[in-house]
Amino acid sequence: MDATFYLIVLCIGASFVQRVTGFGFGIFIMTWLTALMPSYGEATALSGILASVTSLLVCIRMWRDIRWSHLWLILAAFMLVSAGSIFTLSKIHDSILNVILGIALIGASIYFLFISSHIRLRPTAGTQVVAGSLSGLMGGFFAMQGPPAVLYFLAAETDKNHYMATVQTYFLMGNIGMALVRASTGFVTPAVGHGFVCGICGVVIGNVLGALVFRRLSIKWLRTLVYIYLSVSGVMILLR
């Protein structure tokens, strides 16, 4: 089977995960995408562009549920930090990035599973700046900006539709911003364009399947699913 088939399957899985939990496209696809693309930078570029399509489909469908007041400050912090991270990406060895990412994801999952229930974060300006900055680091380096942002948005939103619509708007705008920066640094290449054309059908299929599952989830089960997925993702990255 050729790389196109594997890419489509990866996009179905990544889009499904993102539509069900609100994040995880990059975490899922980057575990294998680097083996299909010519370089790590091109893999992050393709992941971000495809993820933005998943987010766009959700935003179009759920635009009435977007909580704009919970979005702007965290997004501004993300944009600034992610741009700096992308510019320095080529100076850090891929193996070091993978180890750091795996450890960070496991640490986040431990927090979510065992600590978060005892700490109630508030959607304050400070929380948004810290979450946006951490998300920007992970997004710029790994195309996996989800975990820090999810921590904030799960604390800020008590309704699952508000959570899904707002977090997908954040990812959509963030990925558009990172795509522009990556294009300026040479990471958006013809190989990325070819991968986008091949993967877009998988994104649509995964989004439709994920929406069917999301409708049947309560916010409690949604949080639990997010936390478990974080833990599994961290282990997968470390063992890759």
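Keep in mind it's a predicted model, so treat the numbers as computed, not measured.
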V192 side chain reached by F196 side chain, heavy atoms, under 4.5 Å: no
Spacing of E157 atom CD and R67 atom CZ [to the nearest 0.5 Å]: 4.5 Å
Donor-acceptor contact present, side-chain N207 to main-chain G210, <3.5 Å: no
Backbone of S15 reached by a side-chain donor or acceptor of T54 within 3.5 Å: no
Between CD1 on residue I29 and CH2 on residue W32, distance to nearest 0.5 Å: 10.0 Å
Donor-acceptor contact below 3.5 Å, side chain E42 vs main chain S39: yes
side-chain contact (heavy atoms from CB on, under 4.5 Å) evaluation trace for S55 with Q18: CA-CA 8 Å; S55 297; Q18 176 110 351; 3.5 Å; yes
For F214, the option from T21, L209, N161 that meets side-chain contact (heavy atoms from CB on, under 4.5 Å): N161
Distance-only polar pair, side chains of T124 and T127, donor-acceptor under 3.5 Å: yes
Euclidean distance, L7 CG relative to M37 CE, rounded to 0.5 Å: 8.0 Å
For Q145, side chain to side chain donor-acceptor pair (under 3.5 Å) partners two or more places apart: N175
Non-hydrogen side-chain atoms of F16 and V208 separated by less than 4.5 Å: no
Beyond-backbone contact of C201 with I8, side-chain heavy atoms, under 4.5 angstrom: yes
Y152, Y163, F153, W72 screened by ring pair (Phe, Tyr, Trp, His ring centres under 6.0 Å) with Y170, the one that passes: F153
R61 (side chain) donor-acceptor with L57 (main chain) under 3.5 angstrom: no
Path from F25 to Y6 over hydrophobic side-chain contacts below 4.5 Å: yes
Whether T169 side chain and A165 backbone form a donor-acceptor pair below 3.5 Å: yes
Donor-acceptor pair, side chain of T44 and main chain of G41, under 3.5 angstrom: yes
